[in-house]
Amino acid sequence: MADFTSDGFCLNDNKAGLSQMEGHSKEDIAKILTKNSEGSKFYQNKKQRHQATEQRIAQKKKILEEASPADYNDALRKTDKMLSNLEASRDLSHTIVHVDMDMFYAAVEMRDAPHLKDKPVAVGGNSMLSTSNYVARKFGVRAAQPGFLAKKLCPNLIIVPCNFPKYRAVAAIVRGVFAEYDPNYASASLDEAYLDITEHLKVRADRTEEERTLWRCDCEYWRSLDADWKPSATQETEPTSSENNQETCPECGRVAESIVTGTDAEGAVLELRTKVFRRTALTCSAGIAPNSKLAKICTDRNKPNGQYQLPPNKEAVLEFVKDLPVRKIPGIGATTEETLRALGVQTCSDIHKHRASLALVFSDLSTEYFMRVSLGIGCTTISNDEERKSISNERYALLPSPITV
DNA sequence: GCGGATCAC
DNA sequence: TATGGTGATCCGC
Ligand SMILES: Nc1ccn([C@H]2C[C@H](O)[C@@H](COP(=O)(O)OP(=O)(O)OP(=O)(O)O)O2)c(=O)n1
Ligand SMILES: [Mg+2]
């Protein structure tokens with residue numbers, strides 16, 4: 001237990017094995033946040049909205065209680081029809097990649113002010129933070145948190161103001177790399193994008209090992225090929241693979257480390273991430289999967305500075321979603337998570353178990369969305385429709401025809 | 001159509 | 001002391 005004294009919190013609580021440099025335990029974070037925000041207008045408002053959702057949950061439960069066995073039967077038949085149609089449409093032939101920069105704004109600021117590297121850093125202002133670095137996250141400092149509260153969690157926090165023109169410039173360089181693998185890549189925001197690298201992999205299959213080699217040698221020839229490579233920055237954090245070799249640079253004859261990237265998706269994405277790093281000195285993470293929904297989830301598996309591939313077969317996909325908490329699915333937020341939990345659904349396989357209930361209390365569109373989730377089915381084509389500049393609500397985005405009533 | 005709810009960055 | 005700005009969709013009227 002933290003020792004709450006005069007100033008309201010204690011930063012030297014070691015009982016959970018955490019020193020000040022290592023951050024806070026979850027319990028201490030919750031305690032500090034509650035203590036500093038309960039009673040505020042913001043908190044009252046949030047509580048009121050929460051009570052309204054509890055009302056809606058109660059309504060849904062009432063519908064279930066009053067439904068007849070025949071209603072359940074109809075609902076079951078409806079969902080099973082959906083499931084069989086969806087299963088018939090399962091497409092595992094595309095290789096979809098989701099790339100997400102690591103702590104993007106904060107990483108840019110740390111790159112340009114290296115003394116910040118080992119310190120807790122957040123980007124934003126006193127009233128709102130956009131993101132934080134991993135040191136600060138150990139203290140519970142997160143995006144969408146007001147700076148003054150973050151300071152309570154982490155008094156040594158360094159808050160640097162947003163510099164959007166700079167982030168846009170960095171994003172433009174990163175997008176240049178994406179375009180090399182999929183000219184039709186779709187940006188979801190400044191720091192993330194979806195790529196369909198199916199075509200690239202076909203071309204890549206015929207590339208020689210030499211063409212798939214990334215050199216670390218700092219000679220003129222290789223620098224001319226990769227003009228923005230910053231050799232000083234490549235020492236510690238460059239993406240690694242088991243295929244690293246010490247070799248002699250064929251141009252200047254000096255010993256150089258080379259990375260031979262494979263012809264497969266893992267190889268292509270390692271190469272992509274290495275290029276991003278060499279051109280920006282920033283790391284990113286990636287997920288590889290047969291559809292965009294799964295790819296996005298995969299990105300988080302080995303974040304930061306990592307990648308994860310979900311193999312393109314039905315068994316692997318079903319195993320992947322089996323015990324996945326529904327909150328991990330893009331489109332299912334805090335409210336839907338709570339609603340589903342009240343209906344007995346916590347993981348994706350729970351969706352299948354309770355599919356009749358879900359069909360009784362949700363719209364057809366939402367029900368079908370949940371069925372897709374339970375099968376691990378998602379969008380397999382990437383379109384950068386200029387109409388839709390960003391993908392903001394995964395639940396309904398990327399559907400065949402947006403409904404305009 | 002419009003306002004409210006939800007979700008995401 | 002104090003809790004962002006923006007874009008998108010669906011739902012229920
Ligand atoms: N509520 C939020 C969440 C994020 N962002 C901004 C700041 C982030 O730097 C950027 C990217 O969002 P991410 O969710 O990808 O978060 P990060 O890139 O900062 O961290 P990471 O991806 O390593 O978790 O979007 C924001 O303005 N408001
Ligand atoms: Mg990111």
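Because only heavy atoms are used, hydrogens play no part in the values below, and waters and symmetry mates are left out as well, while side chains stay in. Residue numbering restarts at 1 for every chain, and letters A, B, ... go by the order of the sequence lines.
By the salt bridge (charged side-chain N to carboxylate O under 4.0 Å, His left out) test, A/Arg204 pairs with A/Glu271, sequence neighbours left out. Considering only residues two or more places apart in sequence or on other chains, A/Asp206 meets the salt bridge (charged side-chain N to carboxylate O under 4.0 Å, His left out) condition with none of them. The salt bridge (charged side-chain N to carboxylate O under 4.0 Å, His left out) test applied to A/Lys62 returns A/Glu66, not counting sequence neighbours. Residues satisfying the side chain to side chain donor-acceptor pair (under 3.5 Å) criterion with A/Asn184, sequence neighbours excluded, are absent altogether.
In the set C/dA2, C/dG4, C/dC11, C/dA2 carries the atom at the smallest distance from any side-chain atom of A/Asn126. Proximity note for A/Met128 (side chain, C-beta onward) versus C/dG4, C/dA2, B/dT6: the nearest is C/dG4. Taking every side-chain heavy atom of A/Arg56 into account, B/dA5 is the closest of B/dA5, C/dC11, C/dA2. Closest to the side chain of A/Thr53, out of B/dT6, C/dT3, C/dG4, is B/dT6. Considering only side-chain atoms of A/Phe148, the nucleotide from C/dG4, C/dC11, C/dT3 that sits closest is C/dT3. Picking from B/dC9, C/dT3, B/dT6 the nucleotide with the shortest atom distance to the side chain of A/Ser40 gives C/dT3.
Separating the CD1 atom of A/Ile297 from the P atom of B/dA8 is a distance of 11 Å, rounded to the nearest angstrom. Rounded to an integer number of Å, the gap from A/Tyr194 OH to B/dC9 P is 8 Å. For the pair A/Tyr369 OH and C/dA8 P, the computed distance is 19 Å after rounding to whole Å. Look at CG on A/Leu149: it is 14 Å from C1' on C/dG4, rounded to the nearest Å. Between the CD atom of A/Glu338 and the P atom of B/dC7 there is a distance of 10 Å, rounded to whole Å. Rounded to whole Å, atom P of B/dG4 lies 21 Å from atom NZ of A/Lys46. Between the P atom of C/dT1 and the CZ atom of A/Phe42 lies a distance of 17 Å, rounded to the nearest Å. Straight-line distance from the CG atom of A/Asn45 to the C1' atom of B/dG4: 13 Å, rounded to whole Å.
Dashed line: the shortest gap from a side-chain N or O of A/Lys152 to OP1 or OP2 of C/dT3 is not under 4.0 Å.
Cation-pi contact between A/Lys60 and A/Phe362: present, with separation from the ring centre below 6.0 Å and deviation from the ring axis of at most 45°.
Annotation: proximity of residues 322-336 of chain A to DNA chain B (heavy atom, distance under 4.0 Å) is found for A/Arg327, A/Ile329, A/Pro330, A/Gly331, A/Ile332, A/Gly333, A/Ala334, A/Thr335, A/Thr336, numbered in ascending order.
For C/dG4 and B/dC7, the C1' atoms lie 16 Å apart once the distance is rounded to whole Å.
Across all strands shown, A/Ser37 has heavy atoms under 4.0 Å from base atoms, whether or not it also approaches the sugar-phosphate. Using a 4.0 Å heavy-atom criterion, one finds that A/Glu192 contacts the sugar-phosphate atoms exclusively. Counting non-hydrogen atoms under 4.0 angstrom, A/Asp191 reaches the backbone sugars and phosphates but no base.
Of the residues near DNA chain B, A/Arg49 and A/Asp100, the one whose nearest nucleotide (by heavy atom distance) lies more toward the 5' end is A/Arg49.
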Using residues 313-326 of chain A as the side-chain source, report each donor-acceptor pair under 3.5 Å to any protein atom, sequence neighbours left out, with the distance given to one decimal.
unit_1	atom_1	unit_2	atom_2	d
A/Asn313	OD1	A/Glu315	N	3.3
A/Asn313	OD1	A/Ala316	N	2.8

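Taking 4.0 Å as the cut-off between side-chain N and carboxylate O, A/Lys328 and A/Asp300 do not count as a salt-bridged pair.
Partner A/His200 forms a ring pair (Phe, Tyr, Trp, His ring centres under 6.0 Å) with one of A/Tyr185, A/Tyr181, A/Phe178 and no other, that one being A/Tyr181.
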